[in-house]
Amino acid sequence: MRERFDVVIAGAGPAGGQCARDLAARGYDVVVLETEPEDEFPRQSNKSTGGTFPSMMASFGIPDDVVMQFTDDVVIESPNDHFARERPGAVLDFGAFKEFLVEDGRQRGAEYYFDARVSKPIVENGEPVGVKYNGSEEVYGDVVIDATGPAAPLAKDLGVTDLSRQNHAIGIEYEFEGVDLDHEGYADLHRSMMLRLDHEYAPGGYSWIFHTGGDTAKVGLCYIRNDSYQRYAEVDRTIDGYLDHWLDTDPRFESAERIEGRQHRGSAHIQPPTNLSTDSFMAIGDTVPTIDPLWGEGINKCMQSGRAAAKTVDSCLTPSNPDTSADAISLYDELWHDEVAPDMDSRLLMTEMLYLAPNDRYDTLLSDLNRLDDETLQRANAGEKRAILKLLHASDVPLLARLAKHRRGR
Ligand SMILES: Cc1cc2nc3c(=O)[nH]c(=O)nc-3n(C[C@H](O)[C@H](O)[C@H](O)COP(=O)(O)OP(=O)(O)OC[C@H]3O[C@@H](n4cnc5c(N)ncnc54)[C@H](O)[C@@H]3O)c2cc1C
């Protein structure tokens with residue numbers, strides 16, 4: 001007897017967990033296979049800083065008890081300047097948040113198999129009909145979904161995703177106590193999420209301090225090992241070495257101590273998706289990848305992609321003659337491009353330009369941000385060209401030439 005569900009999801013991250021919640025709430029039989037054992041979950045996959053905004057919390061019904069700290073402002077720092085804007089947010093305990101998604105999914109009727117490492121799709125007559133896990137074990141479904149993040153064993157096997165090494169961003173973070181959150185000469189970081197553009201600490205990327213209450217904070221950095229990294233990096237410094245360098249040279253960390261057992265590390269790909277789906281199959285979350293390239297907001301985007309996949313399943317399986325052909329499933333591609341990441345191309349362009357810019361250009365950028373009104377900034381952040389032009393200067397011609405060369409190289 002084949003073990004069968006309406007939908008089989010690989011991976012219990014924000015994307016897979018949310019997709020399962022939505023499907024179970026609509027009465028579908030759904031199973032989520034997660035590689036980590038339940039008693040340690042999430043361990044290696046507890047990778048995220050968990051910075052998010054009220055729109056995500058409200059859209060997906062996330063309770064306050066997985067929030068470590070509500071924040072009031074977003075701050076951007078350059079080597080010699082800072083810019084602060086009021087924008088309410090929340091820093092999640094990412095592990096508690098993932099546990100909530102599992103518990104809530106179960107209450108709605110989803111099944112979870114832990115310690116279940118998915119290795120490849122089962123394909124019959126050219127179509128995926130299930131997955132293999134833990135070697136020879138099998139589970140079948142009308143629709144199969146890969147939500148394993150950058151691992152992507154199903155999407156890679158089916159040729160749906162092509163995650164390339166040159167677009168691989170890595171990140172690490174530790175939680176600290178004893179951080180001086182209001183040091184002279186720097187912005188007040190109490191109740192703030194701060195992102196720092198400074199190649200000395202994150203070559204071709206950015207670093208961050210997210211307040212988590214009292215004198216504690218999450219402190220980390222990420223970068224992509226591409227041309228921009230090659231241009232600004234020290235030859236022998238690892239990502240841990242960069243974090244140590246920041247901790248050793250920034251006075252805000254003079255009395256800071258690492259909190260035992262509270263470290264997070266992980267990766268994502270910063271690139272446009274090649275494909276998103278095929279017959280009876282969808283790739284969601286960072287398998288695609290879906291993360292916002294500019295500021296790394298992945299949780300909300302990945303959950304939105306999980307919801308788009310659930311809507312697609314509902315549309316394909318509701319008719320009296322269910323249709324899970326590539327054509328019917330391509331509703332997911334439409335929803336992804338229209339609703340989940342409508343401005344992906346312009347945000348990728350802005351990302352490449354930002355991380356190619358030198359440190360002194362970051363100071364100029366911040367002085368422009370402080371000068372421009374909120375509406376223009378919001379339009380620029382949304383990728384509107386006329387607003388972005390207000391942030392460019394005649395002296396940016398060599399930077400734009402480098403950007404064009406970088407894009408041709410890709
Ligand atoms: C250091 C760091 C900091 C970040 N900070 C933020 C932030 O502040 N705000 C924000 O919005 N985003 C942040 N992100 C991004 C965000 O965490 C990701 O975009 C999001 O977690 C992706 O969700 P996902 O469900 O697609 O994949 P993942 O979170 O990667 O989940 C995939 C799940 O699949 C499981 N899995 C993997 N392989 C298999 C397999 N073969 N079989 C079965 N299960 C498998 C994993 O164990 C995991 O549970 C950060 C990322 C990193 C690395």
Side-chain angles (χ1 to χ4, degrees), residues 8-20 31-38 40-53 55-56 68 71 74 89-92 94-95 97-99 101-102 112-121 131-134 137 139 145-157 161 168-174 193-195 202 205-210 212 218-223 239 243 263-270 283-293 295-306 309 340:
V8 176
I9 300 174
Q18 183 54 43
C19 189
V31 65
V32 182
L33 285 76
E34 165 58 43
T35 191
E36 294 190 1
E38 184 162 12
E40 293 173 11
F41 178 79
R43 192 177 53 178
Q44 205 178 327
S45 70
N46 186 3
K47 62 182 188 181
S48 180
T49 313
T52 192
F53 298 98
S55 53
M56 187 289 276
M68 295 175 83
T71 52
V74 171
V91 182
L92 306 180
F94 191 66
F97 166 64
K98 285 188 73 166
E99 283 169 17
L101 293 177
V102 173
Y112 269 84
Y113 295 177
F114 283 89
D115 233 337
R117 187 173 174 280
V118 173
S119 52
K120 60 178 187 174
V131 303
K132 289 240 183 228
Y133 68 99
N134 294 350
E137 296 195 60
V139 59
I145 294 177
D146 193 340
T148 55
L154 305 173
K156 281 180 190 161
D157 191 286
T161 198
H168 191 216
I170 49 173
I172 60 159
E173 159 186 285
Y174 285 87
M193 293 193 247
M194 183 282 276
L195 302 168
Y206 58 89
S207 56
W208 62 84
I209 301 175
F210 283 13
T212 46
K218 295 183 176 183
V219 180
L221 65 97
C222 65
Y223 51 70
I239 191 162
L243 185 53
Q263 65 153 301
H264 316 279
R265 65 178 70 217
S267 69
H269 289 76
I270 305 298
I284 65 175
D286 278 346
T287 300
V288 177
T290 309
I291 188 168
D292 174 58
W295 297 120
E297 192 191 358
I299 296 170
N300 189 22
K301 291 279 164 198
C302 292
M303 291 178 73
Q304 286 175 348
S305 75
V340 178

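Every number for a ligand or one of its atoms is a count from 1 in the order of the listing.
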Contact between ligand 1 and [X] is defined here as a heavy atom of the residue under 4.0 Å from a ligand atom; is it met?
| X | answer |
| --- | --- |
| Gly50 | yes |
| Met193 | no |
| Pro42 | no |
| Ala116 | yes |
| Glu34 | yes |
| Lys47 | yes |
| Ala12 | yes |
| Gly296 | yes |

Yes or no on side chain to side chain contact (heavy atoms under 4.5 Å, CB included) for Gln263 and Ile172, after CA distance, side-chain angles and deciding distance? CA-CA 8 Å; Gln263 65 153 301; Ile172 60 159; over 6 Å; no
Students often mix this up, so state it plainly: with edges at 30° and 60°, are the rings of Tyr112 and Phe114 parallel, tilted or perpendicular? parallel
Return the orientation label for the Trp295 and Tyr206 ring planes: parallel under 30°, perpendicular over 60°, tilted otherwise. perpendicular
Measuring from [X]:[atom1] to [Y]:[atom2], what's the distance to the nearest 0.5 Å?
| X | Y | atom1 | atom2 | answer |
| --- | --- | --- | --- | --- |
| Ile291 | His269 | CD1 | NE2 | 11.5 Å |
| Leu33 | Lys132 | CG | NZ | 13.5 Å |
| Arg265 | Ile239 | CZ | CD1 | 7.5 Å |
| Ser267 | Lys47 | OG | NZ | 6.0 Å |
| Ile9 | Thr148 | CD1 | OG1 | 12.0 Å |
| Leu195 | Leu221 | CG | CG | 12.0 Å |

Can you tell me the protein heavy atom closest to [atom] and the distance?
| atom | answer |
| --- | --- |
| atom 44 (N) of ligand 1 | Thr35 N, 3.1 Å |
| atom 34 (O) of ligand 1 | Gly11 CA, 3.2 Å |
| atom 7 (C) of ligand 1 | Gly51 N, 3.5 Å |
| atom 39 (C) of ligand 1 | Thr148 CG2, 3.5 Å |
| atom 20 (C) of ligand 1 | Asp286 OD2, 3.9 Å |
| atom 3 (C) of ligand 1 | Thr49 OG1, 3.3 Å |
| atom 14 (N) of ligand 1 | Ser48 OG, 3.4 Å |
| atom 42 (N) of ligand 1 | Val118 N, 3.0 Å |

Evaluation steps, side chain to side chain contact (heavy atoms under 4.5 Å, CB included), between Thr161 and Lys156: CA-CA 5 Å; Thr161 198; Lys156 281 180 190 161; 4.0 Å; yes
Short N/O distance, under 3.5 Å, between Gly171 and ligand 1? no
Polar contact flag for His264 and ligand 1 (N/O pairs, less than 3.5 Å):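 For ligand 1, there is no N or O atom that lies under 3.5 Å from one belonging to His264.
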Which atoms of ligand 1 are found less than 4.0 Å from any heavy atom of [X]?
| X | result |
| --- | --- |
| Phe94 | 21 (O) |
| Cys302 | 19 (O), 22 (C), 23 (O), 26 (O) |
| Ala151 | 38 (N) |
| Gly266 | 53 (C) |
| Ile291 | 15 (C), 19 (O) |
| Phe210 | 8 (O) |
| Ala15 | 25 (O), 26 (O) |
| Glu297 | 10 (C), 11 (O) |

Heavy atoms only, cut-off 4.0 Å: how does [X] contact ligand 1, side chain, backbone, both, or neither?
| X | result |
| --- | --- |
| Pro14 | both |
| Tyr133 | neither |
| Lys98 | side chain |
| Thr290 | neither |
| Ala268 | neither |
| Ala147 | backbone |

Among Lys98, His264, Glu34, side chain to side chain donor-acceptor pair (under 3.5 Å) partner for Ser45: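 For Ser45, the side chain to side chain donor-acceptor pair (under 3.5 Å) check succeeds only for Lys98.
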Quick check: does any side chain N or O of Thr287 sit under 3.5 Å from a backbone N or O of Gly149, one acting as donor and the other as acceptor?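 Yes; at least one donor-acceptor contact below 3.5 Å.
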When you measure from the side chain of Asp146 to the backbone of Leu154, do you find a donor-acceptor pair of N or O atoms at a distance under 3.5 Å?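 Yes, the answer is positive, given that a donor and an acceptor are paired below the 3.5 Å cut-off.
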Ile299 and Phe94: CA distance, side-chain angles, deciding distance, side chain to side chain contact (heavy atoms under 4.5 Å, CB included) verdict: CA-CA 10 Å; Ile299 296 170; Phe94 191 66; 3.9 Å; yes
Evaluate Asn300 against Phe53 for side chain to side chain contact (heavy atoms under 4.5 Å, CB included), listing each step before the verdict. CA-CA 8 Å; Asn300 189 22; Phe53 298 98; over 6 Å; no
For atom CD of Gln44, decide whether the heavy atoms of other residues, nucleotides or ligands shown that lie under 6.0 angstrom number more than 12.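 Open: at most 12 neighbouring heavy atoms sit under 6.0 Å from CD of Gln44.
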Below 4.5 Å, heavy atoms only, C-beta onward: do Leu92 and Met56 meet side chain to side chain? yes
